[in-house]
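Index from 1, following the sequence.
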Amino acid sequence: MAIADDLKKTLTDPTPLYFAAGTADLAVQQAKKVPELIEQLRAEAPARIEAVKNTDPKAVQEAVTAKVAEVFGAIDPKKIGETAQDLALRGVGVAAEYAVRAKETYDKVAEHGEQAVRAWRGEVSEEIVDIAVVVEPRPEPTPEAPAEPAAEAAAEERPAAKKPAARKSTAKKAVVTADDAS
């Protein structure tokens with residue numbers, strides 16, 4: 001049963017489709033930048049070509065030869081085994097780090113794809129709806145008569161009606177003077 005459940009989960013999970021949609025959307029965004037890059041290369045190309053033409057091949061060869069000699073001169077044959085083992089362990093660590101980064105990137109692109117699909121469908125993001133509910137909650141309709149959406153909007157725009165002020169008593173108070181008290 002576990003295999004069937006795993007297979008069902010794999011076939012019903014929309015994340016790979018969202019990843020594909022996110023990849024396509026990001027590719028379109030990058031493709032829109034291509035004309036600018038082509039224009040920039042077109043402007044810079046003559047200067048770069050001229051720099052390559054003016055470079056002395058012997059100077060380049062000497063610089064490369066010096067660098068190669070420096071690298072091979074630094075190699076100690078005794079430490080090659082230790083270095084190979086160290087590099088192998090580092091490689092495993094780097095591979096694990098890249099696997100984690102790849103999963104994070106996959107999740108980010110899938111999330112971008114989900115948002116892109118919602119935008120293509122004209123749906124509102126759940127996060128925006130959640131924020132809107134927190135910022136401006138809708139008033140609950142009264143049980144006697146449910147409020148209509150138009151009436152709610154009009155009620156929110158109108159200022160609340162003022163309650164009448166409490167009436168003052170018109171009965172006269174008896175004033176007691178010192179003469180009356182005796």
Task: Set of residues satisfying salt bridge (charged side-chain N to carboxylate O under 4.0 Å, His left out) with respect to Glu104, sequence neighbours excluded - done: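 For Glu104 there are no salt bridge (charged side-chain N to carboxylate O under 4.0 Å, His left out) partners, ignoring immediate neighbours.
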Open item on the list: Can you list everything that forms a salt bridge (charged side-chain N to carboxylate O under 4.0 Å, His left out) with Glu50? Sequence neighbours excluded, please.
Closed with: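 Testing Glu50 for salt bridge (charged side-chain N to carboxylate O under 4.0 Å, His left out), a comparison that skips the adjacent residues, returns none.
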- [ ] Applying side-chain hydrogen bond (donor to acceptor under 3.5 Å, both in side chains), name anything that partners Arg90, two or more places apart in sequence or on another chain.
- [x]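 side-chain hydrogen bond (donor to acceptor under 3.5 Å, both in side chains) list for Arg90, sorted by chain: Asp86.
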Open item on the list: Within this structure, what is the CZ-CZ distance for the pair Arg121 and Arg118, rounded to the nearest 0.5 Å?
Closed with: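 Arg121 CZ to Arg118 CZ: 9.0 Å, rounded to 0.5 Å.
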Task: Residue Glu44 excluded, over 12 heavy atoms near CD under 6.0 Å - done: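 Atom CD in Glu44 is packed in, count exceeds 12.
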Open item on the list: Go through it in stages, so that I can follow the logic: the residues are Gln40 and Leu37, the test is side-chain contact (heavy atoms from CB on, under 4.5 Å), and I'd like the CA-CA distance, side-chain angles, deciding distance and then a yes or no.
Closed with: CA-CA 5 Å; Gln40 180 182 1; Leu37 294 174; 4.0 Å; yes
Open item on the list: Enumerate the ring pair (Phe, Tyr, Trp, His ring centres under 6.0 Å) contacts for residues 21-61, please, sequence neighbours excluded, ordered by first and then second residue.
Closed with: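 Listed once each, the pairs would be none.
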TODO: Locate the shortest heavy-atom distance separating Ala31 from Pro35; write the atom from each residue and the value.
DONE: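 Heavy-atom minimum between the residues: O-CD, 3.7 Å.
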- [ ] Using a strict 4.0 Å threshold on nitrogen-to-oxygen distance, state whether Glu62 and Lys58 make a salt bridge.
- [x]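 Salt bridge absent between Glu62 and Lys58.
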Task: Residues Lys9, Asp5: salt bridge by 4.0 Å N-O rule - done: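 No.
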Task: Path from Val64 to Phe72 over hydrophobic side-chain contacts below 4.5 Å - done: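 Yes, Val64 connects to Phe72 through the hydrophobic network.
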- [ ] Kindly state each residue pair satisfying side chain to side chain donor-acceptor pair (under 3.5 Å) with at least one member in residues 18-37, sequence neighbours excluded.
- [x]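 Of all non-adjacent pairs touching residues 18-37, those that pass side chain to side chain donor-acceptor pair (under 3.5 Å) are Asp25-Gln29, Asp25-His112.
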Task: Test ring-ring contact (aromatic ring centres under 6.0 Å, His included) applied to Tyr98 - qualifying residues, sequence neighbours left out - done: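 If we apply the ring-ring contact (aromatic ring centres under 6.0 Å, His included) test to Tyr98, skipping adjacent residues, there are no hits.
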Task: Close side-chain approach of Phe19 to Pro14, heavy-atom, < 4.5 Å - done: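 With C-beta onward as the side chain, the pair stays apart.
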